[in-house]
Amino acid sequence: MILGFLWSDLLNFTIIKHIRFIPAYYLHLIGYQFFCLVIGLLIKRAGFAIAFITFYDFVIEVVITSILDLKYDLDLLADLFPLRALGNLIPLPFGKYIMRQTQTTVELDDFVIYAIYAGLFLFLSFRMIQKRDLR
């Protein structure tokens, strides 16, 4: 916020009206880390886990959700994929600058889908850790 006030032309507190996106961004990062934790526990080699997460994020999920969106017109089903659901919490701002669209709130349905995935990822990671316990 300090850098924003230093480099901004605005000298008032109108910038604080969009501060609700900071906790949403935090939740977005936590959800992505839970997803990476589950994949890291499933695939025990770190390099393979990182390669799989990258491949899944940039190829597998993009292809499947694009097919669902464009060919079958199932946007709602495509929004239920894990990384797309996490990304819908706060979408990339390219649409804001290209098409002059802006997001003003964090949608409740996106938050509910995020909460379900975060709980599922956390539960799966705890279950995997419990099963591998060496007691």
Side-chain angles (χ1 to χ4, degrees):
M1 256 175 49
I2 293 170
L3 288 175
F5 282 126
L6 287 176
W7 293 99
S8 176
D9 295 334
L10 300 173
L11 295 176
N12 53 16
F13 286 95
T14 59
I15 195 167
I16 294 182
K17 69 180 179 180
H18 295 295
I19 203 160
R20 65 184 158 272
F21 288 114
I22 292 176
Y25 183 67
Y26 174 75
L27 291 176
H28 172 82
L29 293 178
I30 293 296
Y32 194 76
Q33 289 174 354
F34 285 163
F35 175 75
C36 292
L37 177 66
V38 168
I39 298 300
L41 289 172
L42 282 174
I43 304 171
K44 295 177 185 172
R45 301 278 184 191
F48 290 139
I50 291 171
F52 177 77
I53 290 169
T54 305
F55 186 71
Y56 179 80
D57 192 11
F58 292 114
V59 177
I60 296 173
E61 191 165 310
V62 172
V63 169
I64 294 172
T65 56
S66 297
I67 289 171
L68 288 174
D69 277 344
L70 301 175
K71 188 172 182 181
Y72 298 110
D73 199 29
L74 296 171
D75 299 336
L76 185 62
L77 185 62
D79 287 340
L80 293 178
F81 278 80
L83 295 182
R84 187 159 178 181
L86 295 176
N88 284 342
L89 201 58
I90 298 180
L92 290 175
F94 296 128
K96 176 182 174 184
Y97 298 116
I98 294 172
M99 297 176 278
R100 300 290 180 213
Q101 297 173 353
T102 182
Q103 178 184 357
T104 58
T105 61
V106 176
E107 299 295 327
L108 182 64
D109 56 344
D110 293 332
F111 179 75
V112 168
I113 294 170
Y114 158 79
I116 290 170
Y117 270 120
L120 179 69
F121 292 151
L122 197 58
F123 173 75
L124 287 175
S125 63
F126 278 130
R127 285 294 291 167
M128 283 188 276
I129 290 172
Q130 283 178 346
K131 284 197 173 230
R132 292 183 186 159
D133 197 5
L134 299 175
R135 284 190 258 166

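Throughout, residue positions are numbered sequentially from 1 according to the sequence presented.
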Query raised in the report: Roughly how far, to the nearest 0.5 Å, is OG1 of T65 from CG of D75?
Result: 10.0 Å

Query raised in the report: Do any pairs count as a ring pair (Phe, Tyr, Trp, His ring centres under 6.0 Å) and have a residue in residues 23-49, sequence neighbours left out, and if so which ones?
Result: F35-Y56, F35-F121

Query raised in the report: Linking I/L/V/M/F/W/Y whenever their side-chain heavy atoms sit closer than 4.5 Å, directly or via other members, would L70 and Y72 fall into one cluster?
Result: no

Report task. State, to 0.1 Å, how close L42 and M128 come at their nearest heavy-atom pair, and which atoms those are. Result -> CD2-SD, 3.6 Å

Query raised in the report: Is there a path of hydrophobic side-chain contacts, each under 4.5 Å between heavy atoms of I, L, V, M, F, W or Y residues, that connects F55 with I53?
Result: yes

Query raised in the report: Quick one: do L124 and F126 end up in the same hydrophobic cluster if we chain Ile, Leu, Val, Met, Phe, Trp and Tyr together by side-chain heavy atoms under 4.5 Å apart?
Result: yes

**Report entry** side-chain contact (heavy atoms from CB on, under 4.5 Å) against I50, all qualifying residues, sequence neighbours excluded
**Finding:** T54

Query raised in the report: So if you build clusters from Ile, Leu, Val, Met, Phe, Trp, Tyr with side-chain heavy-atom gaps below 4.5 Å, do L29 and L27 land together?
Result: yes

Pair up each side-chain donor or acceptor in residues 78-86 with any protein partner under 3.5 Å, not counting sequence neighbours, and list the distances.
unit_1	atom_1	unit_2	atom_2	d
D79	OD1	R84	NE	3.2
D79	OD1	N88	ND2	3.3
R84	NH1	D69	OD2	2.8
R84	NH2	D69	OD2	2.8

**Report entry** Pairs flagged by side chain to side chain donor-acceptor pair (under 3.5 Å) wherever residues 113-128 is involved - sequence neighbours left out
**Finding:** none

Query raised in the report: Under a single-linkage definition using a 4.5 Å side-chain heavy-atom cutoff for Ile, Leu, Val, Met, Phe, Trp and Tyr, are I116 and I113 assigned to the same hydrophobic cluster?
Result: no

Report summary line: I129 meets the side-chain contact (heavy atoms from CB on, under 4.5 Å) criterion, sequence neighbours left out, with L41

Requested in this report: Could you list all the salt bridge (Lys or Arg N to Asp or Glu O under 4.0 Å) pairs where at least one residue sits in residues 41-62, not counting sequence neighbours?
Outcome: none

Query raised in the report: What is the minimum heavy-atom distance between A49 and I39, and which atoms define it?
Result: O-CG2, 4.1 Å

Report task. Could you pull out the closest heavy-atom pair between L89 and A24, with the gap in Å? Result -> CD2-O, 3.5 Å

